[in-house]
2 protein chains.
Amino acid sequence: MSENSQFTKNSVEPYYGYSIPINEFFRCALSVDCTIIGYDKGDLKILLIKRGAEPFKGQWALPGDLMYPYENLDQAAERVLSHLTGLEDVYMDQVKVFGEVNRHPVGRVITVGYYSLVNIQDYKPKASAWAHQLDWHLVDELPELAFDHNQIVTAALTVLKERIWKDEIGFELLPEKFTLGQIQALWETILQEKFDKANFRKKLLSSQSLIPLNENQQNVSHRPAKLYALCNKDK
Amino acid sequence: MSENSQFTKNSVEPYYGYSIPINEFFRCALSVDCTIIGYDKGDLKILLIKRGAEPFKGQWALPGDLMYPYENLDQAAERVLSHLTGLEDVYMDQVKVFGEVNRHPVGRVITVGYYSLVNIQDYKPKASAWAHQLDWHLVDELPELAFDHNQIVTAALTVLKERIWKDEIGFELLPEKFTLGQIQALWETILQEKFDKANFRKKLLSSQSLIPLNENQQNVSHRPAKLYALCNKDK
DNA sequence: AATACTTATGGTATTATGTACCATAATGTT
DNA sequence: AACATTATGGTACATAATACCATAAGTATT
């Protein structure tokens with residue numbers, strides 16, 4: 001793409017004459033920043049990296065990277081995620097674009113916020129020089145992050161809350177087989193709201209998106225719950 | 001910003017060594033494309049321009065423009081809108097980013113889709129060389145648009161539908177004083193769904209977001225309806 | 001002037017959905 | 001065996017959604 005970057009003014013069809021040379025428009029970089037959400041023993045956590053270089057050296061930040069010229073945006077986000085967590089085919093979606101002029105100190109970098117839901121058990125940190133700079137942080141106790149990353153996290157969590165009932169997401173954070181109690185605890189954590197247990201069951205089961213398995217919970221000191229699996233998302 | 005574009009590899013903190021020079025990342029342009037929605041005699045319409053230059057010369061397209069180096073994304077979108085319609089302070093929001101590698105034939109242009117709701121009566125096309133290339137098109141009869149603009153329109157309409165009940169938007173498409181019948185007809189057009197008149201009234205009035213005025217419809221050949229105005233959005 | 005026609009508006013009955021709460025079941029622990 | 005704990009099924013009640021009817025208030029027609 002960079003080979004044919006010989007733009008002429010007319011080739012991009014402005015409404016009126018541009019006041020600066022057309023090449024000046026082609027000086028932006030795109031980045032993706034991923035809010036990677038996990039769930040561990042009742043707590044929501046987010047995967048952060050510690051920056052090893054300026055700007056914001058030593059500060060915690062969302063994992064992210066510049067988009068390569070040959071990459072689609074979604075591919076860049078998947079690359080960041082799989083490189084950091086070793087996970088593929090993970091639930092992932094756009095949150096919002098952050099395009100403030102001065103959001104990045106070294107140049108015009110526009111970032112696209114993504115969020116993804118991962119099962120923290122499946123996650124195996126890549127054995128690399130970066131591993132020691134990676135850590136899960138409690139959502140409620142996030143440090144001050146580099147750039148506008150706190151804003152991105154907030155936006156991601158808002159989107160998650162909005163979508164949870166409508167799209168019935170969140171199961172990605174749980175093991176493949178789970179109990180109704182586990183989903184309820186998870187949704188209560190995400191939405192910061194308590195539900196009546198019996199009613200929650202009814203509502204969720206009536207949606208037909210869960211498959212009851214012929215298996216029960218093991219090694220619990222009370223009546224074991226039936227295990228369920230998620231239906232293939234068809235709608 | 002373009003003055004200090006002397007990036008070193010470390011200044012952007014990659015997870016691992018980049019396989020291309022850092023400057024290659026800073027060759028993108030950002031654009032905004034606006035789905036400007038209006039409502040005219042029961043029909044939803046979208047403002048399109050006819051492209052006067054390659055690529056896609058002669059084809060209809062969403063109004064949009066490149067983002068200037070000194071502009072925030074939202075500012076660019078507002079600029080496009082006000083330049084084309086003369087309107088300011090209009091309802092406007094991000095829809096989605098479109099970042100496919102080859103979406104723009106002349107270079108790497110990532111576009112941010114916006115949508116806005118305007119009162120088509122207030123709209124006065126700017127008297128300019130561009131005026132004759134501007135036109136409102138019925139949503140149901142859109143031509144094939146340049147680039148991926150049909151996708152953007154579809155995404156914008158989807159977002160509008162999702163938000164209409166939750167955020168009670170759409171009034172922006174109507175005159176300042178309107179009847180309940182008018183809102184209902186509008187929402188029915190947008191959502192492609194019929195509602196019971198009496199129930200729709202109750203539901204909408206119970207939300208407390210409308211102010212009943214001491215005025216009635218004029219010059220209608222039936223019982224005139226009471227006029228309402230929109231409450232200051234406080235929540 | 002009376003009648004027909006059209007849309008607005010208020011109301012009620014019915015149905016569906018959401019909520020509170022209780023009873024019993026099934027397991028491990030003491 | 002009694003108890004603690006969570007699961008699960010069920011019922012009673014409250015609230016919201018829906019269907020539908022009756023009347024009101026205008027214009028147009030006869």
Side-chain angles (χ1 to χ4, degrees), chain A residues 39 41-42 161-162 164-168 170-171 174-230 235, chain B residues 39 41-42 161-162 164-168 170-171 174-230 235:
Chain A
Y39 180 65
K41 303 185 196 74
K161 285 181 195 173
E162 283 171 1
I164 199 167
W165 275 111
K166 196 172 78 71
D167 300 340
E168 292 190 334
F171 305 96
L174 297 174
E176 212 174 318
K177 301 169 179 181
F178 49 82
T179 70
L180 295 177
Q182 287 175 307
I183 311 175
Q184 184 177 348
L186 169 63
W187 285 24
E188 287 179 344
T189 303
I190 294 174
L191 297 171
Q192 310 246 51
E193 194 181 345
K194 285 283 175 190
F195 301 109
D196 178 278
K197 202 190 301 185
N199 297 331
F200 184 87
R201 295 168 55 79
K202 267 182 290 187
K203 199 163 161 185
L204 209 62
L205 289 175
S206 71
S207 77
Q208 306 283 338
S209 53
L210 299 186
I211 307 166
L213 305 174
N214 287 323
E215 271 181 272
N216 285 345
Q217 241 179 343
Q218 298 287 330
N219 300 320
V220 285
S221 69
H222 53 77
R223 173 174 174 181
K226 185 190 281 258
L227 290 172
Y228 291 82
L230 190 59
K235 25 177 190 180
Chain B
Y39 180 65
K41 302 186 196 74
K161 285 181 195 172
E162 283 171 2
I164 200 168
W165 274 111
K166 196 172 78 70
D167 299 340
E168 292 189 336
F171 305 95
L174 296 174
E176 213 174 318
K177 300 170 180 182
F178 48 82
T179 71
L180 295 178
Q182 287 174 308
I183 309 175
Q184 184 176 348
L186 169 62
W187 285 24
E188 287 179 344
T189 303
I190 294 174
L191 296 171
Q192 310 246 49
E193 194 181 345
K194 285 281 175 192
F195 301 109
D196 178 277
K197 202 191 301 186
N199 296 332
F200 184 87
R201 295 169 53 81
K202 267 182 290 186
K203 201 162 158 184
L204 208 64
L205 288 176
S206 71
S207 76
Q208 307 284 335
S209 52
L210 299 186
I211 307 165
L213 305 174
N214 288 324
E215 271 181 89
N216 285 346
Q217 242 179 342
Q218 299 287 329
N219 301 320
V220 285
S221 69
H222 53 76
R223 173 175 174 180
K226 185 190 280 260
L227 291 172
Y228 291 82
L230 190 58
K235 25 177 191 177

Quick check for you: among [options], whose closest atom lies nearest to any side-chain atom of [X]?
X: A/Asn216; options: D/dG10, C/dT9, C/dT27; value: C/dT27
X: A/Ala198; options: D/dA7, C/dC21, C/dT27; value: C/dC21
X: B/Lys203; options: D/dA17, C/dA20, C/dT7; value: D/dA17

Review point. So, does the side chain of B/Lys202 form a donor-acceptor pair with the base of D/dT15 at under 3.5 Å?
Key: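 Per atom types, no contact qualifies.
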
Point to revise | Test item: B/Glu188 side-chain N/O and B/Phe195 main-chain N/O as donor-acceptor pair under 3.5 Å | key: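 Such a contact is found between B/Glu188 side chain and B/Phe195 backbone.
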
Review point. With distance as the sole test, does B/Gln184 use its side chain to make a donor-acceptor pair with the main-chain N or O of B/Arg201 at under 3.5 Å?
Key: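 Pair absent, no side-chain N/O of B/Gln184 close to backbone of B/Arg201.
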
Point to revise | Presence of A/Lys197 side-chain N/O under 4.0 Å of D/dT8 phosphate oxygens OP1/OP2 | key: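 Looking at the OP1 and OP2 atoms of D/dT8, neither is under 4.0 Å from any side-chain N or O of A/Lys197.
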
Exercise for review: Compare side-chain N and O positions of B/Arg201 against OP1 and OP2 of C/dT9 and report whether any pair is under 4.0 Å apart.
Suggested key: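 Result: yes.
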
**Study point:** Sub-4.5 Å side-chain heavy-atom contact between B/Phe178 and B/Leu186
**Key:**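 No, their side chains stay 4.5 Å or more apart.
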
**Study point:** Within-4.5 Å side-chain heavy-atom neighbours: B/Leu204 and B/Trp187
**Key:**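 Yes - at least one pair of side-chain heavy atoms lies under 4.5 Å apart.
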
Practice item. Can you tell me the distance, in whole Å, between the CZ atom of A/Arg223 and the C1' atom of C/dA23? Key: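 The answer, rounded to whole Å, is 12 Å.
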
Exercise for review: Figure out the CG/C1' separation between B/Asn219 and C/dT7, and round it to whole Å.
Suggested key: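 Distance check: B/Asn219 CG to C/dT7 C1' gives 15 Å.
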
Practice item. Identify whether any heavy atom of A/Lys226 sits under 4.0 Å from a base atom; if not, whether one sits that close to sugar-phosphate; answer base, sugar-phosphate or nothing. Key: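 Sugar-phosphate contact only - A/Lys226 comes under 4.0 Å of backbone atoms but never of a base.
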
Review point. Where each residue is assigned the nucleotide of DNA chain C containing its nearest heavy atom, which of A/Asn199 and B/Gln217 is assigned the position nearer the 5′ end?
Key: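 Upstream on the strand: B/Gln217.
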
Exercise for review: Could you tell me, to 10°, how much the axis swings from one end of the helix from C/dA1-D/dT30 to C/dT30-D/dA1 to the other, five pairs per end?
Suggested key: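 Nearest ten degrees gives 10° for this helix.
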
